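None of these values were measured; they are calculated from a predicted model. A, B, ... follow the sequence lines: proteins, then strands. Residue 1 opens every chain.
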Amino acid sequence: MEYNFKEIESNWQKYWATNKTFAAKDGGDKPKYYVLDMFPYPSGAGLHVGHPLGYIASDIVARYKRHKGFNVLHPMGYDSFGLPAEQYAIQTGQHPKITTEQNIARYREQLDKIGFSFDWDREVRTSNPEYYKWTQWIFIQIFNSWYNKSTNKAEPIETLIKVFETKGFNSKLDDTLTGDIEKDLEPFTGEEWKAFDEKKKSDILMNFRLAYLGESFVNWCPQLGTVLANDEIKDGVSERGGYPVERKLMKQWSMRITAYAQRLLDGLDTLDWTESLKEAQRNWIGRSEGTSLKFKVSQGDKWIEVFTTRPDTVFGVSFVTLAPEHELVESLTTADNKAAVEAYVTQAKNRSERERQADINKITGVFTGSYVEHPFTGKQVPIWIGDYVLAGYGTGAVMAVPAHDSRDYSFAKHFGLPILEVVAGGDLEKESYDAKEGKLINSDFLNGLEVKDAIKKAIAEIEAKGLGKGKVNFRLRDAVFGRQRYWGEPIPVYYKNDIPYALNENELPLVLPEVDKYLPTEDGEPPLARAASSWKHEGKYDYEHSTMPGWAGSSWYFLRYMDAHNGSVFADKKLSDYWQQVDLYIGGSEHATGHLLYVRFWTKFLKDLGYIAIDEPAKKLINQGMIQGTSAYTNIISKVNYFDLPNEANSNFVIYISKNKLKEFVSSNDTSFISDIYKKHFPNVDFSKTRFEFDKESPNNGIGKRAVLVDYVNPNDTLQFDNFKKWRDLMFRESNLIVEYVFENDGSFIVDREVEKMSKSKWNVVTPDDIAEKFGSDTLRLYEMFLGPLEQSKPWNTNGITGVHGFLKKLWRLFYSPLQGGAQGAGDVAFNVSNDEPTKGELKTLHKTIKKITEDIERFSFNTSISNFMICVNELTDAKCNKRAILEPLLICLSPYAPHIAEELWKQLGHNESISTAAFPDFNEAYLVDDNVNYPVSFNGKVKFTLELAATLTAPEVEAIVRANEQTTKYLDGKEPKKVIVVHKKIVNMVM
RNA sequence: GCCCCGGUGGUGGAAUUGGUAGACACGCAGGACUUAAAAUCCUGUGUCUUCGCGGACGUACGGGUUCAAGUCCCGUCUGGGGUACCA
């Protein structure tokens, strides 16, 4: 029998599905192991070869752990709310639910074909009401909680109300407030609190709730009636449609993730994640230690508070800068400066964040006309406004020390403001000196101190004068939680008398209503407002009309897999106590700061309220590398300069021109091929006076490029021209153009290649389906792993695929090849496995392989394990080994990687149960011991020859033998070695 | 700018703790089987030099540490990713 992968693979896929081979059991004697892949969004394009990379790796681990005696949870589901489906719905009017279902079906089909060992009984979809009921439930818990700084955890809001009732509230210095929305709340007593009306109470509590309605800046696009993410904006206008975008303060639901900033930071130390990923999170959280410091405004009794990490440089302050959005801007502006300031503020406010970034070198600002007093010298310090100061960070105001901060430095240089040196060591003519090193000068009581000590002393002085307080600031912002979109979880809130109320648990799920269109209303309300007339709480009160963001459902899904169908709780505590953390989490690094922060935040929150026992969602995390596609581009010429072109030949054209021909024509400045084309198309026109020139004005001489569907490009970069032409004509309906092709002299057409991100728009997507069709899924699995280290990005090419496919065939022949008659292969061969005792050599091959494979899996080095399998099969083939005692353990080792062929051969060996139930073989060191050691002998570190010596020899004995060797004598050339180094069982080095 | 990860044959990559650089695979060249092809098998394949034995060079570049460096240290170049006026 030949290796018929098609039949084998579909049979075993059916077998696994029917027998629920990979269903996880909730409990039992075995230790548990939870392997999770990052939640996929089921896009319409289906899977390309990059997606399964991580799934194959996690599947190998899952299968391996089962062999090792673990109870493995390896689930899969879909993050099925999201923008692409909504966009498609807007264009076609089709309900996103339908497209989502179709996409999921396609995903599932592709996933099944690759033979993953998922427990499909636990599948979840975030867009199912049975699922988002619990997303809404968690939202309500967060809404009904506040962060208690003294216990350092989230607590029910009732405990805060109790505090208010008994002690009242002092002020923001009360230390009760958390997060960065630190509004100045009026103090009140317990009695006053009790007397407040419901609206007032609600407003006050909003400042404490972990899910709260707050004001934050967003990128608002009036024409689209929606808020845009930063990456939906290109060059200051919306990517879609090109409409203007403005920064707008909007009332929005937010999550007080900032309350958890310190814990999110500290928790990183307990995690086995890559250092780079942890570093990304640390940077994102952005903890900085410093102090607040108040400057008294010279006129009136106002104060400006700043945050600084460099209080040591306080004597170097030469001006104070406010963000354009700062609340004191208006009142501090003097009459003389009013017009200028107003103009500047209006313009700065309307620049999107992106725009401000784009003009990083353009320094803008304006003087208010007012001054503050320097807190220590009493000198007058001017107040400026500059958009390099961000309203959202710190206090929205900075004390500018141009000598020791590069941004202040550029600002000061640009506006001719003084630069006062207070830390010695820099060259202020050229640049600011930002380093936290050196001695303080020109700084009164700080003079002579090192920066570190000066910071401490300055804070102490500031605190003593009551001007501020040492504090910690975080870069992390609260997360905006509302989206002006349709296809997301409804936020379970309704409004009564302008007060937001959370739904009761028994009212969940709040089901997404049907709407006539998936667009915002005419007056800019979110799409859900279209349903408002009939969609009301108790038939009277409006629901919240924004929906949850994409990260809501994915912030807790790992818990739902533990108890996927529970209707009465998001996950039974008994089950979450059993499954605990994810032991291995695999996914792309693009989630480093988004998803992975939010899921950690929700996990900590749920732990605080006692719903789960763990503090971090995933113990170990691996980022898979990206698989890049190789795009193909044809050169086209669509613009040349022509002179004296007869009118009747005036026509637009596009010429596809092969790579080398183009080079040839351009380098020789030869445009005759263009006139040839004109002559061909207008045979009756006289072109004798016409002259063509490459367009030297345009960047590439008028030569452009067009992406080609890579399916029609041969490995040698030539086009399958007929296929390409058919596709091209379909894609670009350019019947009104002259379309021509210029080939190489040999008639071929050569394209340019480029390695870049795999994407539909670049026509370079490769789906796993073709590979699976041609070589089988086991080959696909092996090949994706064989490409290189999991974490490394690499371009997809199928050059080596015959190698791994050949390996599987070779493995098959160990079981099926007739031993007599050599290795010719062809013809009928029968299953032929012997029960003979294996030789010492065969046992060595096997155990060496077991050892290496075990080590490789444990360190997630899948590419090397495949090489090791190849070496093993090569050696067994050379030894003509068809012995059960060798092949059986080998199959178990291989089955995580190539499960179908392993199952099939396992069955042929006479087993009735799935190979996944077999125990992973242990290796026996005794088989690996060598009698001899091959010593490389080197002279001054350069290896000259090797010497095979008995392993039992001691180092001095080895040295004696090497010294006596005649080759040694030759290389020593009569000289006595200065030193001889013998590393036992490794190497000998003669130093001359 | 800052942070992170890389740079090894024609190609993907291996070398796990400093100890024979290039395992394994592709590609290429030659050969066997075949009417032919496919499939399969065998041999060779870092570069330069040599008829050959051999010799020299070689892990982006320049230094250093070491008996010994792809691996450790310093500097430079370069590719990729992340991030961004965060005070």
Show the distances under 3.5 angstrom between N or O atoms of the protein and N or O atoms of nucleotides 3-11 of chain B.
| from | atom 1 | to | atom 2 | distance (Å) |
| --- | --- | --- | --- | --- |
| B/C4 | O2' | A/Ser276 | OG | 3.4 |

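- Among the atoms of the strands shown, none is found under 4.0 Å from any heavy atom of A/Arg282.
- For A/Phe5, the side-chain contact (heavy atoms from CB on, under 4.5 Å) partners two or more places apart in sequence, or in a different chain, are A/Tyr3, A/Glu9, A/His805.
- The ring pair (Phe, Tyr, Trp, His ring centres under 6.0 Å) search around A/Tyr64 returns A/Phe920, not counting sequence neighbours.
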Bracket string, RNA chain B, 5' to 3' - pairs by Watson-Crick or G-U geometry under 3.5 Å, | interstrand
(((((((..(((......[....)))((((((.......))))))((((....))))..(((((..]....))))))))))))....
Between the protein and nucleotides 52-60 of chain B, are there any N/O to N/O pairs under 3.5 Å, and if so, what are the atom names and distances?
| from | atom 1 | to | atom 2 | distance (Å) |
| --- | --- | --- | --- | --- |
| B/G55 | OP1 | A/Tyr971 | OH | 3.2 |

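- Counting to the nearest Å, the C1' atom of B/A87 and the CZ atom of A/Arg310 are 11 Å from each other.
- If you take CG of A/Asp434 and P of B/C85, they are 17 Å apart, rounded to a whole angstrom.
- In this structure, the side-chain contact (heavy atoms from CB on, under 4.5 Å) partners of A/Ile419, at least two apart in sequence or on a different chain, are A/Pro402, A/Ala403, A/Tyr409, A/Ala412, A/Lys413, A/Leu428.
- Legend: residues meeting side-chain hydrogen bond (donor to acceptor under 3.5 Å, both in side chains) with A/Glu959, ordered by chain and number and at least two apart, are A/Arg963.
- Evaluation of the salt bridge (charged side-chain N to carboxylate O under 4.0 Å, His left out) rule for A/Glu858 yields no partner, not counting sequence neighbours.
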Donor-acceptor contacts, no H, no angles, side chain residues 307-314 of chain A, under 3.5 Å, sequence neighbours left out:
| from | atom 1 | to | atom 2 | distance (Å) |
| --- | --- | --- | --- | --- |
| A/Thr308 | OG1 | A/Arg310 | N | 2.9 |
| A/Arg310 | NE | A/Asp312 | OD1 | 3.1 |
| A/Arg310 | NE | A/Asp312 | OD2 | 3.3 |
| A/Arg310 | NH1 | A/Asp434 | O | 3.2 |
| A/Arg310 | NH2 | A/Asp312 | OD2 | 3.0 |
| A/Thr313 | OG1 | A/Arg310 | O | 2.8 |

Quick tally for nucleotides 17-25 of chain B: nucleotides whose base has a protein heavy atom under 4.0 Å get B, sugar-phosphate-only ones S, the rest -, giving --BB--BBS
Donor-acceptor pairs under 3.5 Å, side chain of residues 780-792 of chain A to any protein atom, not counting sequence neighbours: which ones?
| from | atom 1 | to | atom 2 | distance (Å) |
| --- | --- | --- | --- | --- |
| A/Arg781 | NE | A/Tyr897 | O | 2.9 |
| A/Arg781 | NH1 | A/Asp59 | OD2 | 3.0 |
| A/Arg781 | NH1 | A/Ile114 | O | 3.3 |
| A/Arg781 | NH1 | A/Gly115 | O | 3.0 |
| A/Arg781 | NH2 | A/Asp59 | OD2 | 2.9 |
| A/Arg781 | NH2 | A/Pro896 | O | 2.9 |
| A/Tyr783 | OH | A/Asn797 | O | 2.6 |
| A/Tyr783 | OH | A/Gly800 | N | 3.4 |
| A/Glu784 | OE1 | A/Leu53 | N | 3.4 |

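- Taking A/Asn934 as the reference, A/Thr946, A/Glu948 meet the side-chain contact (heavy atoms from CB on, under 4.5 Å) condition, with sequence neighbours excluded.
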